[in-house]
Amino acid sequence: MVPYSRSLLGCLADFARNRPESTALVMGGDRVSNAELCAMTMSAYNGLAALQLPSDARVALHAAKTPRTVALIVACLLGRRPFMLPSTELGTTALQELLEKADCTDVLTTEPGADAGGLRVHKIDTTIVPPDGDLGGLDGITGPDVSPDATSFIFTTSGSTGLPKVVPLSFQAVERFTEWAITKFRLRPGTWC
């Protein structure tokens, strides 16, 4: 079993608890506070859990780069849901081939109207609903037991020479990377990246 991260997920919970009004994300002119990111993440986590997908089902997050997508990514990490982030610019045929190659069974999005060429598409709600009680509620989540070597995050190559290649990363590899990044970039409440 892989313990939950005291790096990425632990930092997000700590930031939400200790500095809820501080800025977590900036996109264009919009700022998202730590409390808002935590609330969006919890909403996405609950929406993902409500789907009742098999624990080993891989999903694709077909969504633009937005704070809501970040919340959905964190929800997948919390739920130990293997996921891939394909480019939203892939054509339908290329997307279908890539999803098949990665064994993705479902597509998750934060925006309505996504097309995934025949796969089930689920719009996951990331509404900012203030949690009851502790803003660091991310700490209280326990996902399914998984092997450290199980796939967590599936990257893709650029596809500049054809169909993008699938690059699976294990839970252990993602954990090591986030621990390294937090140390290397000295990430803590009040840090700007």
Side-chain angles (χ1 to χ4, degrees), residues 1-5 7-10 12 37 40-126 138 141-181:
M1 178 177 143
V2 177
Y4 274 113
S5 171
S7 54
L8 176 65
L9 302 177
L12 290 175
L37 179 58
M40 287 190 299
T41 298
M42 294 304 295
S43 181
Y45 177 83
N46 291 333
L48 185 56
L51 295 177
Q52 298 183 343
L53 298 174
S55 62
D56 61 345
R58 293 178 175 190
V59 298
L61 307 185
H62 201 243
K65 295 177 185 175
T66 67
R68 295 187 184 285
T69 300
V70 171
L72 184 54
I73 290 168
V74 176
C76 286
L77 290 170
L78 282 170
R80 297 182 179 161
R81 169 70 50 204
F83 67 97
M84 179 176 67
L85 292 165
S87 169
T88 55
E89 308 210 356
L90 286 174
T92 303
T93 302
L95 178 62
Q96 284 176 312
E97 289 178 34
L98 188 62
L99 297 179
E100 184 177 314
K101 199 175 187 182
D103 294 324
C104 291
T105 60
D106 294 77
V107 176
L108 309 180
T109 183
T110 59
E111 308 299 325
D115 178 27
L119 282 182
R120 293 176 299 232
V121 178
H122 309 278
K123 182 185 179 301
I124 302 297
D125 185 15
T126 54
L138 304 175
I141 293 175
T142 56
D145 290 347
V146 294
S147 163
D149 297 322
T151 298
S152 171
F153 197 159
I154 305 165
F155 283 103
T156 60
T157 62
S158 68
S160 59
T161 60
L163 184 67
K165 293 176 181 46
V166 174
V167 182
L169 293 177
S170 68
F171 282 95
Q172 190 172 36
V174 171
E175 181 65 18
R176 281 193 312 260
F177 173 78
T178 57
E179 288 172 357
W180 169 85

For the [atom1] atom of [X] and the [atom2] atom of [Y], what is their distance to the nearest 0.5 Å?
{"X": "M84", "Y": "T151", "atom1": "CE", "atom2": "OG1", "answer": "12.0 Å"}
{"X": "H62", "Y": "L108", "atom1": "NE2", "atom2": "CG", "answer": "12.0 Å"}
{"X": "I154", "Y": "D103", "atom1": "CD1", "atom2": "CG", "answer": "8.0 Å"}
{"X": "R81", "Y": "L53", "atom1": "CZ", "atom2": "CG", "answer": "5.0 Å"}
{"X": "E100", "Y": "L163", "atom1": "CD", "atom2": "CG", "answer": "10.5 Å"}
{"X": "R68", "Y": "T41", "atom1": "CZ", "atom2": "OG1", "answer": "11.0 Å"}

Original post:
Hey, does the side chain of T126 reach the backbone of A44 with a donor-acceptor pair shorter than 3.5 angstrom?
Top reply: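 Not at all, since once roles are kept as given, no pair shorter than 3.5 Å links the two residues.
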Subject >> Test item: S43 side-chain N/O and D125 main-chain N/O as donor-acceptor pair under 3.5 Å >> reply: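 Answer holds: yes.
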Subject >> Test log, rule side chain to side chain contact (heavy atoms under 4.5 Å, CB included), inputs T156 and S87 >> reply: CA-CA 9 Å; T156 60; S87 169; over 6 Å; no
**OP:** For side chain to side chain contact (heavy atoms under 4.5 Å, CB included), just list the numbers for L51 and I124, CA-CA rounded to whole Å, side-chain angles, deciding distance to a tenth of an Å, and then say yes or no.
**Re:** CA-CA 9 Å; L51 295 177; I124 302 297; 3.9 Å; yes
Using side-chain heavy atoms (C-beta onward) and a distance below 4.5 Å, is [X] in contact with [Y]?
{"X": "P67", "Y": "L37", "result": "no"}
{"X": "P54", "Y": "T105", "result": "no"}
{"X": "F83", "Y": "L77", "result": "yes"}

**OP:** Please lay out, stage by stage, how L85 and F153 fare under the test side chain to side chain contact (heavy atoms under 4.5 Å, CB included).
**Re:** CA-CA 8 Å; L85 292 165; F153 197 159; 3.4 Å; yes
**OP:** Search all heavy atoms of P164 against all heavy atoms of L90 and return the closest pair with its distance.
**Re:**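 Looks like CG-CD2, 4.2 Å.
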